[in-house]
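See below for the structure under consideration.
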Number of protein chains: 2
Amino acid sequence: MKRLTGKDVARAAGVSASAVSRAFTAENRLNKATRDHILKVAAEMGYRPNALARSLIKQESDLVAVVVGNTDGIYDKDFFNHLSTALQKRGKWALQIRSEDQENLAETLGKALMYPVAAAIVRAGTVDPQAIENSKQMNVPLIYTGLGPVIKGADCVWLNYKSGGLLGTRHLVRRGCKKIAYIGGIKGFTADTGRRDGYLEALQEAGLQPHSISQTKFDFESGMQIALNLLQSDNPPDAFYCVSDAAALGALNAAKSLLNLRVPEDVAIVGSDNMPMASWPCFDLTAATNPIDEIVQNLMETLEARLANLDQQEMSVVVEPQLVIRGSA
Amino acid sequence: MKRLTGKDVARAAGVSASAVSRAFTAENRLNKATRDHILKVAAEMGYRPNALARSLIKQESDLVAVVVGNTDGIYDKDFFNHLSTALQKRGKWALQIRSEDQENLAETLGKALMYPVAAAIVRAGTVDPQAIENSKQMNVPLIYTGLGPVIKGADCVWLNYKSGGLLGTRHLVRRGCKKIAYIGGIKGFTADTGRRDGYLEALQEAGLQPHSISQTKFDFESGMQIALNLLQSDNPPDAFYCVSDAAALGALNAAKSLLNLRVPEDVAIVGSDNMPMASWPCFDLTAATNPIDEIVQNLMETLEARLANLDQQEMSVVVEPQLVIRGSA
DNA sequence: CTGAAAGCGCTAACAC
DNA sequence: GTGTTAGCGCTTTCAG
């Protein structure tokens with residue numbers, strides 16, 4: 001059994017195929033009576049034009065590839081939800097593309113580009129030159145998010161990570177913390193590099209030495225484990241600046257629930273992202289924001305600007321984090 | 001500037017368009033040398049067949065619509081991530097379709113069905129007859145999840161919600177709780193109705209009366225607010241059975257962080273879902289599972305069975321929750 | 001083993 | 001204002 005076609009509707013309505021087509025495309029003028037009649041018949045039969053066939057002839061598409069690198073993160077999940085919703089509000093449909101490991105991203109994107117997407121929005125920790133090459137060959141604009149400040153061959157909307165590191169660490173310094181540990185993310189990821197730079201610069205301003213620099217997968221478990229080890233060591237830190245809210249919540253759990261320490265008295269904790277969860281009473285986490293709404297809004301504007309003019313130069317938008325002070329530091 | 005076509009590759013490789021097509025479709029036999037040559041040229045040019053055009057002629061599609069009702073829930077976000085990943089592993093691509101309010105679901109789905117999807121997987125709190133009608137007209141199989149036991153005109157994979165309510169409430173009874181409050185979800189949603197039925201039955205078994213029955217949006221904030229009100233009332237409950245982990249965590253926050261009560265000594269709390277977060281030390285939540293892996297696995301099997309035989313009767317798979325006992329009850 | 005030709009469902013240019 | 005025709009990029013008979 002096959003899908004209903006415009007021809008079927010034309011036959012049922014006693015008109016030509018083009019009349020049916022015209023009834024479903026706003027611009028083409030058609031006698032109101034005929035249009036109404038066609039739409040009525042079509043509705044009865046449950047007909048809708050095939051978007052693929054339309055896309056084929058119009059040489060344009062309402063699909064936008066949304067490429068997801070590593071989404072174990074709680075923040076990422078939230079982010080993609082907002083992004084998909086925003087796209088749909090603008091008449092675009094999100095085609096989800098996942099790549100478990102960063103390495104396969106280009107390959108996976110390549111496969112997905114068999115579908116004629118208007119653009120691809122990529123959230124990843126690092127830039128993949130092969131992915132950019134692929135998308136260029138397919139003539140599909142690529143928009144990175146979470147990376148910056150400038151990407152050769154792609155647009156980007158990025159968070160000023162360094163500024164987040166500065167804001168968070170300066171706040172800890174102002175509180176009087178002397179032994180501030182950095183709980184970082186995956187090596188090489190811009191989110192990690194940038195925040196660490198900010199952390200180091202803030203320490204330098206204050207004439208302090210880094211207490212320690214650790215690596216996580218931006219997640220809760222490794223944040224908790226690292227904090228646990230550090231707090232039980234001979235020389236425990238008096239504060240943590242964390243590369244993500246998830247890692248910060250892990251550290252908070254290690255301190256409060258596992259070691260019965262007081263936060264912020266015994267150890268102060270600052271996160272990065274300011275997810276909704278950060279404001280839960282049991283956490284009450286001080287954090288530098290990574291504002292989803294603002295980033296998604298900028299992504300939509302970048303997307304529209306890019307689709308309006310495919311040939312203009314790379315665009316780059318920077319979003320500035322702000323420090324939200326709560327009870328944890 | 002337009003997308004590269006098979007014809008372009010044919011010209012560059014000195015062969016016909018059909019040869020190029022054959023090189024990219026496994027079944028068709030082609031001289032190995034010719035195939036290799038064509039694939040080499042195509043790779044150099046960055047050509048990939050247009051999936052839309054292919055879909056048009058083959059009358060089949062690798063797209064699966066993933067319909068998202070209300071996804072503010074932390075659980076739902078996790079669920080959709082797993083679902084998209086599972087689809088992609090099976091060579092399908094998830095086309096995300098969002099509907100803010102339950103009412104517009106049918107309309108939104110209708111629009112999305114302009115794309116020729118192989119099937120649509122819908123996660124919603126209630127069944128929408130109009131959506132089922134739409135998908136039937138478009139000849140697209142519909143698979144519901146989170147709803148059951150049987151849906152006329154659609155397949156479903158559902159959780160035995162009632163069993164979760166029974167398990168959780170019986171556990172509270174066994175602990176010796178006498179004033180067990182039910183923190184429920186949105187009225188009319190199967191997840192709420194089923195769990196409440198289980199809650200009521202377990203109380204009846206024990207000869208207890210319900211302490212109170214409240215309604216949330218399955219979320220943290222309303223769970224917290226309701227628990228706060230109940231615990232500060234003249235007749236506070238000694239236990240909460242909650243319709244979701246999110247609501248349970250809200251209740252836990254109200255009890256521990258806002259009111260300084262001891263959990264489980266002063267008030268015991270049981271959740272439903274057993275999200276990863278439930279095992280965080282600060283929560284240590286006892287909960288009936290809503291196992292994402294198992295549900296997604298069953299969805300994939302149902303999808304494959306349905307695609308293999310479009311005409312067979314409605315299928316229904318039930319997943320049984322299990323009680324995971326931790327410190328909160 | 002390969003090329004020419006027809007056609008998937010739709011829209012746009014061209015007739016009338 | 002409406003129908004006829006050509007063609008989007010691809011796959012698949014059908015010839016050769």
Side-chain angles (χ1 to χ4, degrees), chain A residues 1-39 41-42 45-63 113-118 137-140, chain B residues 1-39 41-42 45-63 113-118 137-140:
Chain A
M1 209 158 101
K2 54 195 286 298
R3 184 177 165 136
L4 215 57
T5 80
K7 212 183 258 180
D8 297 327
V9 176
R11 200 177 304 118
V15 293
S16 75
S18 5
V20 175
S21 167
R22 278 190 268 255
F24 279 92
T25 47
E27 309 114 37
N28 279 306
R29 57 213 174 275
L30 191 64
N31 188 335
K32 183 161 182 344
T34 338
R35 157 169 274 138
D36 290 346
H37 175 232
I38 293 173
L39 290 178
V41 173
M45 303 174 76
Y47 168 80
R48 284 176 186 278
N50 184 331
L52 258 57
R54 174 181 282 175
S55 170
L56 198 53
I57 180 129
K58 289 205 149 189
Q59 300 284 33
E60 62 184 44
S61 157
D62 288 339
L63 297 177
L113 288 184
M114 290 182 63
Y115 286 90
V117 296
Q137 285 179 324
M138 297 306 276
N139 215 31
V140 171
Chain B
M1 210 159 98
K2 56 197 285 300
R3 181 177 168 139
L4 215 57
T5 79
K7 213 184 255 178
D8 297 327
V9 176
R11 200 176 302 116
V15 293
S16 74
S18 358
V20 175
S21 167
R22 276 189 268 258
F24 279 94
T25 46
E27 311 114 34
N28 281 308
R29 57 212 174 275
L30 192 63
N31 188 335
K32 184 160 184 345
T34 338
R35 155 167 276 136
D36 290 346
H37 174 233
I38 292 172
L39 290 178
V41 173
M45 303 175 75
Y47 167 81
R48 285 178 187 277
N50 183 331
L52 256 56
R54 174 181 281 176
S55 170
L56 198 54
I57 184 136
K58 288 203 150 189
Q59 300 283 33
E60 61 185 43
S61 156
D62 288 339
L63 297 177
L113 288 184
M114 290 181 63
Y115 286 90
V117 296
Q137 286 179 324
M138 297 307 273
N139 216 31
V140 170

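Computed from a predicted structure; not experimentally measured. Chain A is the first sequence line, chain B the second, and so forth, proteins listed ahead of strands; every chain is numbered from 1. Values below: all heavy atoms of this structure, side chains included; hydrogens, waters and symmetry mates excluded.
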Below 3.5 Å is the cut-off: list the nitrogen or oxygen pairs between protein and nucleotides 3-7 of chain C, distance only.
| unit_1 | atom_1 | unit_2 | atom_2 | d |
| --- | --- | --- | --- | --- |
| C:dG3 | OP2 | B:S16 | N | 3.2 |
| C:dG3 | OP2 | B:S16 | OG | 3.0 |
| C:dG3 | N7 | B:R22 | NH2 | 2.7 |
| C:dG3 | O6 | B:R22 | NH1 | 3.4 |
| C:dG3 | O6 | B:R22 | NH2 | 3.2 |
| C:dA4 | N7 | B:S18 | OG | 3.4 |
| C:dA4 | N6 | B:S18 | OG | 3.3 |

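Taken from CZ in B:R11 to CE in B:M45, the straight-line distance is 8.5 Å, to the nearest 0.5 Å.
If you take CD of B:E60 and C1' of D:dT11, they are 11 Å apart, rounded to a whole angstrom. We find that CG of A:L4 is positioned 15 Å from P of C:dC8, with the value rounded to whole Å. Taking atom OH on B:Y115 and atom P on C:dC10, their separation rounds to 14 Å, with Å as the unit. Taking atom CG of A:N50 as the reference point, atom P of D:dC10 lies 16 Å away to the nearest angstrom. What separates CG of A:L52 from C1' of D:dT11 is a distance of 15 Å, to the nearest Å. Rounded to whole Å, atom P of C:dG9 lies 18 Å from atom CZ of B:R54. Between B:K58 atom NZ and D:dT13 atom C1' there is a gap of 14 Å when expressed in whole angstrom units. Atom P of nucleotide D:dT11 and atom CZ of B:F24 are separated by 9 Å, given to the nearest angstrom.
Side-chain nitrogen and oxygen atoms of B:Q59 include none within less than 4.0 Å of the OP1 or OP2 phosphate oxygen of D:dT11. In this model, the phosphate group of C:dC10 is approached by a side-chain N or O of A:Y47 to a distance below 4.0 Å at OP1 or OP2. Considering only side-chain N and O atoms, A:N31 lies under 4.0 angstrom from the phosphate OP1 or OP2 of D:dT2. Neither OP1 nor OP2 of D:dG9 sits under 4.0 Å from any side-chain N or O of B:T5.
For B:S18, the side chain to side chain donor-acceptor pair (under 3.5 Å) partners two or more places apart in sequence, or in a different chain, are B:S16. Partners of B:L52 under the side chain to side chain contact (heavy atoms under 4.5 Å, CB included) rule, at least two apart in sequence or in another chain, are A:L52, A:S55, A:Y115, A:P116, B:N50. Under the side chain to side chain contact (heavy atoms under 4.5 Å, CB included) criterion, B:N31 pairs with B:A33, B:T34, not counting sequence neighbours. Under the side chain to side chain contact (heavy atoms under 4.5 Å, CB included) criterion, B:L39 pairs with B:A23, B:F24, B:R35, sequence neighbours left out.
Across all their heavy atoms, A:G46 and A:L4 have their closest contact at C-CD2, 4.1 Å.
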Problem - Pairing pattern in dot-bracket form [Watson-Crick, G-U; both distances under 3.5 Å; | = partner strand] for DNA chain D - result: ||||||||||||||||

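In this structure a side-chain-to-backbone donor-acceptor pair under 3.5 Å is missing from A:S21 to A:A17.
Counting heavy atoms from C-beta on, the side chains of A:M138 and A:M114 never come closer than 4.5 Å. By the 4.5 Å heavy-atom criterion applied to side chains, B:T5 and B:D8 are counted as neighbours.
Among the protein residues, B:T34 comes within range of the sugar-phosphate backbone only, with heavy atoms under 4.0 Å from sugar or phosphate atoms but none that close to a base.
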